[in-house]
Every structure is written in C-alpha cells, then in structure tokens.
Amino acid sequence: MTPDMLQQYSVIVQFLGKTLGPDYEIVLHDLRPDHNQIVAIANNHISGRNIGSPLTNASLKMLIDKAYETDDFLCNYKGIAENGHLLRSSTMFIKDTQGNPVGLLCINFDDSRFLDMHDVLLSIIHPKEYIEARPFMKKSAPGSQPVVPSDSEQSAITENFSMDIPSLMHKMFADATVAMPTPADRLNQQEKKDIIEKLHKQGLFQLKGAITFVAEQFACSSATIYRYLSELKLSS
C-alpha cells in the first residue's frame, strides 16, 4: 500500500467510524510483507485491538485461498469478539493496478446493544412463561456468552480477533490440533505433516516467526518444519 493510499484509506476509516456510529468497528490492514498489521482503526472498543495488531485468522485464510481473484469483497460472515459478542463482519480487498491485494478494509458490526433492546421489549409485551416456552426468545443472562447458531445458520467463515501475533498463532494451532488425542510434541511424523498442512491452509505461515513457533510446539528444529513444508510442496 503506497503512502498516498494509506493516507486516503485512513481518512475513510475515521469517516466511516463517525458516520456509522459506535456499533461499527472500521479497520484498515496494510498487507505489505514487512507490515501485515492494522494501520488505522475506528471504534476499536468492539474487538479491543489497536494499530499494530495482526491480521485475523479469517483474513489470512482469504489471502491464502486467493479470494481476491474472484471477489472484490466478502460480506456478512461471523466474527467473535474477545468479550464473546457475535459480530457481522465484512472485508473489502484493496488491490493494486495488477489486481494484487495491498490492503484490507474491514467492517465489524456489533448488534448486542440492539439485542438487549429487543429483550427488554419482549419482556414488556410478553408474559415470562411465553418467552421461556420459546428458546429463541429467551433473554441471555448479563455477562453470559451468546448462543452460537447451529452449523446450518453459520457462514463458512468465522473470524477471531487476536491482540498480537503470538496469541493468534496459539489460537490457530489449538484449532488445528483440537481433535488430536496426543500432545503435539508426541505426534508421529505423518500426524505432524497433517497439522502443518492444516496450518498452511489457514495462512499461519504468512505470519512472522511461524516456523519457529510450530517447531517449538512440536519440540523439533526449524529445519524439520522447513523439510515437512518442502515434502508437502508447500511454501512458508
């Protein structure tokens, strides 16, 4: 992203943040190899991130899947904020003249305030017994986690927002190994290769320090991870 583009889109971030209001987080990511981080953000209380925070797992997967080749933007997929709020997220690909992605403009909408209003309204117009008889109308307890929609109700993408690269890598590694009955450092070679392939598809190896991180989880050398990637014909 050129300095001129960075300046223009940074202004757009602040404009949209003030226009749409406090329930919309607006985020600008710089995709230059030496950056790959947030460079402008408005209403960051929604995710708790700041300038310098890394790309999300969903953004990394979009890039590794080259979604920008067929789409200019992806809309209305699910995000999960650190406080458990479900967000409606959308991402626009900022491209150079050759069609290569140089930035991401993201909008995350937190509707929890409106859901609270909805709950209050229902409690006024319906008896308690009526609401309790219909689970979809029940009010969540204060501070509780939101009800997660069923698989059929969820979009194909679920975005998690990490404050820094180490926490993002730990989350992605945990997701990739959640079904493994054996600790990561005791897996056999094929199991490790299977996990590395999953991590590559999720875009983890686009992050700085990913090779060293995965080597530490597997209790092996960085050279071993490079060898696995080579054998799988994957690039780091």
Side-chain angles (χ1 to χ4, degrees), residues 1-83 85-114 149 153-165 167-168 171-172 200-208:
M1 184 178 291
T2 65
D4 285 346
M5 293 175 69
L6 180 59
Q7 173 61 27
Q8 291 172 2
Y9 278 98
S10 295
V11 172
I12 290 174
V13 166
Q14 299 307 316
F15 168 70
L16 290 176
K18 291 184 180 297
T19 301
L20 297 176
D23 301 301
Y24 288 83
E25 179 184 67
I26 319 298
V27 185
L28 178 65
H29 290 281
D30 186 347
L31 297 183
R32 285 178 292 178
D34 55 337
H35 288 71
N36 270 333
Q37 62 184 15
I38 293 175
V39 290
I41 187 168
N43 300 325
N44 67 327
H45 59 275
I46 289 177
S47 71
R49 295 173 297 166
N50 295 291
I51 290 175
S53 292
L55 298 177
T56 64
N57 60 319
S59 296
L60 289 166
K61 191 170 191 315
M62 290 176 198
L63 294 172
I64 206 72
D65 290 344
K66 297 186 177 180
Y68 53 85
E69 292 185 347
T70 55
D71 296 291
D72 291 323
F73 49 81
L74 297 176
C75 292
N76 302 326
Y77 55 88
K78 186 180 75 176
I80 304 177
E82 286 291 308
N83 59 8
H85 288 180
L86 296 182
L87 309 178
R88 176 161 58 84
S89 300
S90 300
T91 293
M92 183 183 81
F93 301 109
I94 303 171
K95 309 176 190 180
D96 62 18
T97 54
Q98 285 75 46
N100 299 312
V102 295
L104 301 174
L105 181 63
C106 308
I107 299 178
N108 304 304
F109 173 53
D110 181 0
D111 67 356
S112 58
R113 189 161 61 96
F114 302 97
E153 297 172 316
Q154 296 183 28
S155 63
I157 302 172
T158 299
E159 186 166 36
N160 293 279
F161 304 93
S162 298
M163 303 302 119
D164 51 51
I165 289 178
S167 60
L168 175 59
K171 177 67 172 64
M172 295 174 75
H200 183 271
K201 288 179 179 178
Q202 294 302 318
L204 182 134
F205 293 104
Q206 302 298 308
L207 299 172
K208 185 177 181 180

**Asked** Sequence neighbours excluded, which residues qualify as side chain to side chain donor-acceptor pair (under 3.5 Å) partners of Lys201?
**Response** none
**Request:** Any pair with a residue in residues 99-108 that passes salt bridge (Lys or Arg N to Asp or Glu O under 4.0 Å), sequence neighbours left out, goes on the list, sorted by first then second residue, please.
**Result:** none
**Message:** Less than 4.5 Å apart, side chain to side chain, heavy atoms only: is that true for Leu105 and Thr91?
**Reply:** no
**Asked** Are side-chain heavy atoms of Asn44 and Ile38 found at a separation under 4.5 Å?
**Response** no
**Request:** Check salt bridge (Lys or Arg N to Asp or Glu O under 4.0 Å) between Arg32 and all other residues, then give those that pass, not counting sequence neighbours.
**Result:** Asp30
**Request:** Taking all non-hydrogen atoms of both residues into account, name the closest pair between Phe73 and Met92 and its distance.
**Result:** CB-CA, 3.8 Å
Which donor-acceptor pairs under 3.5 Å do side chains of residues 12-29 form with protein atoms, sequence neighbours excluded?
unit_1	atom_1	unit_2	atom_2	d
Gln14	NE2	Ile41	O	3.4
Thr19	OG1	Phe15	O	2.8
Asp23	OD1	Arg113	NE	3.2
Asp23	OD2	Arg113	NE	3.4
Asp23	OD2	Arg113	NH2	2.4
Glu25	OE1	Ser47	OG	3.4
Glu25	OE1	Arg49	NH2	2.9
Glu25	OE1	Asn108	ND2	2.9
Glu25	OE2	Ser47	N	3.4
Glu25	OE2	Ser47	OG	2.6

**Complete:** Residues at least two apart in sequence or cross-chain that pass salt bridge (Lys or Arg N to Asp or Glu O under 4.0 Å) with Asp71, listed by chain then number, are none
**Message:** Asp65: which residues meet the side chain to side chain contact (heavy atoms under 4.5 Å, CB included) condition with it, sequence neighbours left out?
**Reply:** Lys61
**Request:** Just jot down the side chain to side chain donor-acceptor pair (under 3.5 Å) partners of Lys208, sequence neighbours excluded, or say none.
**Result:** none
**Request:** Look up atom CG in Asn43 and atom CZ in Phe109, then write down how far apart they are to the nearest 0.5 Å.
**Result:** 12.0 Å
**Request:** Output all residues satisfying side chain to side chain donor-acceptor pair (under 3.5 Å) with Asp72, sequence neighbours left out; order by chain, then residue number.
**Result:** Lys95
**Prompt:** When you check the side-chain N and O atoms of Ser112 and Asp110, is any donor under 3.5 Å from an acceptor?
**Reply:** yes
**Message:** Among Leu60, Thr56, Leu204, which residue satisfies the side chain to side chain contact (heavy atoms under 4.5 Å, CB included) criterion with Leu168?
**Reply:** Leu60
**Prompt:** With side chains defined as the heavy atoms from C-beta onward, is the minimum distance between Ile94 and Met1 less than 4.5 Å?
**Reply:** yes
For residues 96-103, which side-chain N or O atoms pair as donor and acceptor with protein atoms under 3.5 Å away, sequence neighbours left out?
unit_1	atom_1	unit_2	atom_2	d
Asp96	OD1	Gln98	N	2.9
Asp96	OD1	Gly99	N	3.0
Asp96	OD1	Asn100	N	2.8

**Item:** Distance in Å, Lys66 NZ paired with Phe93 CZ, rounded so as to fall on 0.5 Å steps
**Value:** 13.0 Å
**Prompt:** Lys78 versus Leu86: any side-chain heavy-atom pair under 4.5 Å?
**Reply:** yes
**Message:** Going by the rule side chain to side chain donor-acceptor pair (under 3.5 Å), which residues pair with Asn36 if we only count those two or more places apart in sequence or in a different chain?
**Reply:** none
**Message:** Quick check for you: to the nearest 0.5 Å, what is the distance between Ile107 atom CD1 and Ser89 atom OG?
**Reply:** 10.0 Å
